[in-house]
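Below is one structure, written out as structure tokens; comments come after it.
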2 protein chains.
Amino acid sequence: MSFQKEKAIFTEYIRSKNLKHSEQRQLIMDVFLKTEKHLTAEELYEMVKKKNPSIGYATIYRTMKLLTEAGLCRELHVVDGVTRYEHLYNHKHHDHLICTKCGKFVEIESPRIEELQEKIAKKHGFILTRHRLELYGLCKSCKN
Amino acid sequence: MSFQKEKAIFTEYIRSKNLKHSEQRQLIMDVFLKTEKHLTAEELYEMVKKKNPSIGYATIYRTMKLLTEAGLCRELHVVDGVTRYEHLYNHKHHDHLICTKCGKFVEIESPRIEELQEKIAKKHGFILTRHRLELYGLCKSCKN
DNA sequence: ATTAATATGAAACTCATTATCAACTTGGGC
DNA sequence: GCCCAAGTTGATAATGAGTTTCATATTAAT
Ligand SMILES: [Mn+2]
Ligand SMILES: [Mn+2]
Ligand SMILES: [Zn+2]
Ligand SMILES: [Zn+2]
């Protein structure tokens, strides 16, 4: 859990774009890498603030954008209108099943659905570039 | 194309909630019903403005909310962050295939995908209440 | 250490949508 | 048709997530 690979990727991205390292970026990356959750900018901000109380919101957004461009992070836009960030590196593609009561995120995977999506796009003469599939409902604990 | 049924549904909704009819509501509903497109509030506003130049933006939003509550309209939230409105009454459930270059909307339907979604939800102990499936890509004319 | 380039935090701004509110309609009772 | 309580409207302010701006601070190459 030292995230050597991820850190190397970020360093390489920084280098390739002639950017610079900073305490803030390192800290935000660390906080992000240490959780497997689907965090909002606000949640990240609160977590980072505990280690560096002078951090600004804009730096969170800016850094998460960098991590996304570097291929370490995926931005998720679910129904509540707040962007969530999740690990991308070394995580295979998946979609989400979300409990609308408690907010639980379950990662789902369906090669069969992906195939059918391709088929549909092809049938209409489209070249598929991405898709969004989210299932909403009540989880085991919330449905009672 | 007189939309008798739709208008009756709206009238009944108005009655059931002790609301009132108004010129503006009638006009916005007419404009909405006459197109089969996936319109934004801005597009509706521009169209309605031609018939009633004093219309306000807020009235568009308010009326579209009423039409949605009445079951005549479905709000669509696609990636660009702008809500679109489409007919719901007498239209069976479908998802969308969208061209990211020209904005073309294609309505798609896949009972097989819907089944698989139910299966996945069940497997994780969820009760599915809704889902969002959008396919993005380049259409026949835009992919060249 | 110098210095040019980049990063930061605070605050202003954006953009879609919603809330507020005074003025204006609507519609049921007379 | 007139009254009038209740609902509606348009203008404008407010909201909230995210972005931009800018003066100041940090980074890293020399
Ligand atoms: Mn995930
Ligand atoms: Mn549609
Ligand atoms: Zn739950
Ligand atoms: Zn196209």
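Every chain is numbered from 1 and lettered A, B, ... according to where its sequence line falls, protein lines coming before strand lines.
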Base, sugar-phosphate, or nothing for [X], non-hydrogen atoms under 4.0 angstrom?
{"X": "A:Arg25", "answer": "sugar-phosphate"}
{"X": "B:Ser54", "answer": "sugar-phosphate"}
{"X": "A:Lys65", "answer": "sugar-phosphate"}

[X] side chain: which of [options] is closest?
{"X": "B:Val82", "options": "D:dG7, D:dG18, C:dA16", "answer": "C:dA16"}
{"X": "A:Arg62", "options": "C:dT26, D:dA17, C:dA10", "answer": "C:dA10"}
{"X": "A:His21", "options": "C:dT17, D:dA28, D:dT9", "answer": "D:dA28"}

| task | Between B:Gly81 and B:Ala58, name the one whose nearest nucleotide on DNA chain C is closer to the 5' end. | result |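 This one resolves to B:Gly81.
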| Nearest-0.5 Å distance, CG of residue B:Leu97 to CD1 of residue A:Ile120 |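 Spacing of CG (B:Leu97) from CD1 (A:Ile120) equals 8.5 Å.
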Counting only side-chain nitrogens and oxygens, does [X] get under 4.0 Å of the OP1 or OP2 atom of [N]?
{"X": "A:Tyr61", "N": "D:dG18", "result": "yes"}
{"X": "B:Ser22", "N": "D:dG7", "result": "no"}
{"X": "B:Gln24", "N": "C:dT25", "result": "no"}

Calculate the interatomic distance between [X] atom [atom1] and [N] atom [atom2]; express it in whole Å.
{"X": "B:Leu19", "N": "C:dT25", "atom1": "CG", "atom2": "P", "result": "19 Å"}
{"X": "B:Leu76", "N": "C:dT17", "atom1": "CG", "atom2": "C1'", "result": "17 Å"}
{"X": "B:His77", "N": "C:dT17", "atom1": "NE2", "atom2": "P", "result": "8 Å"}
{"X": "A:Ile14", "N": "C:dT8", "atom1": "CD1", "atom2": "C1'", "result": "14 Å"}
{"X": "B:Met64", "N": "C:dA16", "atom1": "CE", "atom2": "P", "result": "17 Å"}
{"X": "B:Gln26", "N": "D:dG7", "atom1": "CD", "atom2": "P", "result": "18 Å"}
{"X": "B:Asn18", "N": "C:dT26", "atom1": "CG", "atom2": "C1'", "result": "13 Å"}
{"X": "B:Leu27", "N": "D:dG10", "atom1": "CG", "atom2": "C1'", "result": "15 Å"}

| message | Is it the case that the side chain of A:Arg25 and the backbone of A:Lys20 share a donor-acceptor pair, with hydrogens and angles ignored and the cut-off at 3.5 Å? | response |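 Yes, A:Arg25 side chain to A:Lys20 backbone: donor-acceptor pair under 3.5 Å.
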| request: Check whether any side-chain N or O of A:Arg112 sits under 3.5 Å from a backbone N or O of B:Arg112 as a donor-acceptor pair, and report yes or no. | output: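 A pair under 3.5 Å: no.
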| query | Taking the inter-plane angle between the rings of A:His38 and A:Phe105 on a 0 to 90° scale, is it parallel (under 30°), tilted (30 to 60°) or perpendicular (over 60°)? | reply |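 Parallel, since the angle between the ring planes stays under 30°.
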| query | Taking C-beta and beyond as the side chain, do B:Met47 and B:Lys34 meet within less than 4.5 Å on heavy atoms? | reply |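 Answer no - side chains too far apart.
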| B:Tyr45 vs B:Lys17, nearer the 5' end of DNA chain D by closest nucleotide |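 Result of the comparison: B:Lys17.
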| field | N/O donor-acceptor pair, side chain B:Lys20 with base C:dT26, under 3.5 angstrom | value |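 It does, because a donor-acceptor pair links the side chain of B:Lys20 to the base of C:dT26 below 3.5 Å.
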